[in-house]
Amino acid sequence: MNSSKKIIKQQNKSDDNKTVTPVSAKKVRLGSTGEEPHLKAIVLSVICVALVIVLCVGVAVQQFKPEVVMKVGDTKFTMNDLMYPIYERESQMLPYDQMYQAYMGSSVWDATYQGDDKNVEEGTNNAEGLKQEITDKESEYEVLYTEAVKADYKLTKDEEKKAGEQAVKALKGLSWGQKLRLNISKSKLTKRFEKRILADRYKEDQQKTLNKDVDENEAIKDVSQKDYREYDVQYYSVSTTTTDKDGNTKDVPAKKLAEYKKEIEALAEKAATAKDFTKLIEDEDKSDIKYETAEFTEKDGWSVVSADNLKKIKAMKNGEISEVYYDKEASVYIFVKMIDNNSTKSYQKACEDAVKEAQDKKYNEWLTELEKGYKIFIDYDIWNDVTIGTVTTDIVTADDLAKMKEDASSSSSAK
């Protein structure tokens, strides 16, 4: 405004100092003021400013509702504050939507929730599950950050640097308009990531203390070593069925089936004396028979073969190579080499998962008690109108995300 006043005063002063020239002594073109370039510049500037104002107002009306959506203690969260966590989740899921539409016939947002929020009920779809995840996570971060500050936690120089780097990475590839509509900037995101980093460090320290109270033997007592006995195999196989363009499955012709039988039996014979079982096929591009590896447990079995042939495979000794099985039930020709018939990897993983589950349970109980000291409020009159999968997906589209990924990949390759 002050700048505008200065311009007006300068123009008035210039007008006062002008010498009045008789019309007859001055060439004036009809319809011209003699100052068109200057006026055009002013008009264009006004139009540009107006467009920016319209964009900002439009964004404010459509996305940045000033109402408080949720409160955690004394901290208020508006739609402005929640735009980035919504964008985080939508940008992670959006690239898979086209695939879901093609193969599942439904949107990725309608698929069963794929996150890790323990408060999301089983059977909830991604749209609703992610929505709850956002409010749960924002509440958790705020509580943990507040507790960290109370405990006199402070960011290290490295953590401050890390937050800045995370902000730059999050903004990379976004246009000025996209950043505006998402209500994000380097300074805003740096502050957000600083809070997350401090909250995460506080959580990690608390988790270490809580883990000491977890009885690991109790946690794994129901994990059966017999059920999780693992079989590791290498094998060659070829399907005896094919799928047409309409998705219908049919048996391969008898002539082709005979060719498969002859080729795979030759490979099995070659395997008996080969130094490297993994390289029996000379030209893999020309053969329908494929080499693969598999690990399966006593509990889960192996769907590649029928139950009868699976029983024979599990009875094999380490290093043993089976005969060629024509498994009509599983529609496959196959022969197998047993690598390890008593691996403990699956059992160890199951035990680790059981202990982790017990630790997570202990932490969630601790967090629930901690959050009771904070008044957490969600305005569902506003939040119920939010539909995950539609909030930021027209701001940063699937094509935009693909381009950003491509640019990032090109940038990495160039280094």
Side-chain angles (χ1 to χ4, degrees), residues 95-108 110-112 114 227-343 345-347 349-350:
Y96 302 103
D97 191 42
Q98 190 174 6
M99 180 187 72
Y100 268 79
Q101 297 278 7
Y103 291 99
M104 307 295 184
S106 61
S107 168
V108 70
D110 294 328
T112 304
Q114 296 166 16
D227 285 347
Y228 285 97
R229 176 182 178 178
E230 180 181 303
Y231 299 83
D232 298 342
V233 298
Q234 297 173 341
Y235 66 100
Y236 287 87
S237 68
V238 61
S239 176
T240 60
T241 60
T242 184
T243 305
D244 63 23
K245 62 181 181 179
D246 297 322
N248 300 315
T249 301
K250 58 182 181 180
D251 294 334
V252 298
K255 183 179 178 181
K256 192 69 175 175
L257 192 66
E259 290 176 4
Y260 284 163
K261 182 177 185 293
K262 183 178 180 180
E263 184 181 354
I264 200 166
E265 284 179 345
L267 288 179
E269 186 177 343
K270 183 178 178 181
T273 57
K275 291 182 179 180
D276 191 344
F277 182 84
T278 69
K279 300 186 184 302
L280 301 179
I281 300 175
E282 293 181 4
D283 192 342
E284 294 181 356
D285 293 333
K286 292 183 179 180
S287 177
D288 290 331
I289 299 174
K290 301 300 178 187
Y291 164 79
E292 295 179 82
T293 63
E295 301 87 31
F296 57 89
T297 63
E298 195 76 46
K299 176 183 178 183
D300 296 330
W302 194 30
S303 61
V304 173
V305 295
S306 64
D308 285 343
N309 283 326
L310 179 59
K311 186 176 181 179
K312 296 174 187 175
I313 290 169
K314 288 197 294 186
M316 292 170 60
K317 297 176 181 179
N318 290 344
E320 185 180 350
I321 299 173
S322 74
E323 62 183 282
V324 174
Y325 299 121
Y326 171 45
D327 199 320
K328 193 170 183 179
E329 184 180 329
S331 302
V332 68
Y333 269 120
I334 188 171
F335 70 95
V336 175
K337 180 177 182 178
M338 179 61 69
I339 303 301
D340 190 342
N341 61 12
N342 194 22
S343 172
K345 286 186 294 185
S346 288
Y347 174 70
K349 178 67 167 56

Donor-acceptor pair, side chain of Ser322 and main chain of Val336, under 3.5 angstrom: yes
With distance as the sole test, does Asp97 use its side chain to make a donor-acceptor pair with the main-chain N or O of Val108 at under 3.5 Å? yes
Nearest 0.5 Å, what's the NZ-OG1 distance between Lys337 and Thr278? 9.0 Å
Main-chain N/O of Lys314 paired with Asn341 side-chain donor or acceptor, under 3.5 Å: no
List the atom of Asp288, the atom of Val238, and the distance in Å for their closest heavy-atom pair. O-CG2, 3.7 Å
Do you know the tightest heavy-atom contact between Ser237 and Val332? CB-CG2, 3.7 Å
Test Glu295 against Ser346 for side-chain contact (heavy atoms from CB on, under 4.5 Å), laying out the working first. CA-CA 9 Å; Glu295 301 87 31; Ser346 288; 5.9 Å; no
For the pair Tyr236 and Val324, evaluate side-chain contact (heavy atoms from CB on, under 4.5 Å) and give the outcome as yes or no after the intermediate values. CA-CA 9 Å; Tyr236 287 87; Val324 174; over 6 Å; no
Taking C-beta and beyond as the side chain, do Ile339 and Val233 meet within less than 4.5 Å on heavy atoms? no
Nearest 0.5 Å please: distance from the OG1 atom of Thr297 over to the OH atom of Tyr228. 7.5 Å
So how far is it from Lys255 NZ to Leu257 CG, rounded to the nearest 0.5 Å? 13.5 Å
Hey, are the side chains of Ile289 and Tyr333 touching, using non-hydrogen atoms and a 4.5 Å cut-off? no
Are Ser107 and Gln101 packed together at the side-chain level, in the sense that at least one heavy-atom pair is separated by less than 4.5 angstrom? yes
May I ask you to decide if Ser306's main-chain N or O and Glu329's side chain share a donor-acceptor pair within less than 3.5 Å? no
Tabulate below the donor-acceptor pairs under 3.5 Å that side-chain atoms of residues 262-273 make, not counting sequence neighbours, or state none.
{"from": "Glu263", "atom 1": "OE2", "to": "Ser287", "atom 2": "OG", "distance (Å)": "2.7"}
{"from": "Glu265", "atom 1": "OE2", "to": "Lys261", "atom 2": "NZ", "distance (Å)": "2.9"}
{"from": "Lys270", "atom 1": "NZ", "to": "Leu280", "atom 2": "O", "distance (Å)": "2.9"}

What is the minimum heavy-atom distance between Glu323 and Phe335, and which atoms define it? O-CB, 3.5 Å
Can we say Lys345 and Asp232 salt-bridge, meaning some charged N sits less than 4.0 Å from an Asp/Glu carboxylate O? yes
How long is the span from the CG atom in Asp327 to the OG atom in Ser239, to the nearest 0.5 Å? 11.0 Å
Within this structure, what is the CG-CG distance for the pair Asp340 and Asn342, rounded to the nearest 0.5 Å? 6.5 Å
Could you pull out the closest heavy-atom pair between Thr249 and Thr243, with the gap in Å? OG1-OG1, 4.0 Å
side-chain contact (heavy atoms from CB on, under 4.5 Å) for Tyr347 and Arg229? Distances and angles first, verdict last. CA-CA 7 Å; Tyr347 174 70; Arg229 176 182 178 178; over 6 Å; no
Count the heavy atoms of every other residue, nucleotide or ligand shown that sit under 6.0 Å from NZ of Lys349, and state whether that count exceeds 12. no
Would you please classify the geometry between the Phe277 ring and the Tyr291 ring as parallel, tilted or perpendicular, with 30° and 60° separating the classes? perpendicular
So OH of Tyr231 and CG of Asp300: to nearest 0.5 Å the spacing works out to 12.5 Å
Using modelled atom types only, decide if a donor and an acceptor are shared between the side chain of Thr240 and the backbone of Ser331 within a distance under 3.5 Å. yes
Please lay out, stage by stage, how Tyr235 and Ile313 fare under the test side-chain contact (heavy atoms from CB on, under 4.5 Å). CA-CA 11 Å; Tyr235 66 100; Ile313 290 169; over 6 Å; no
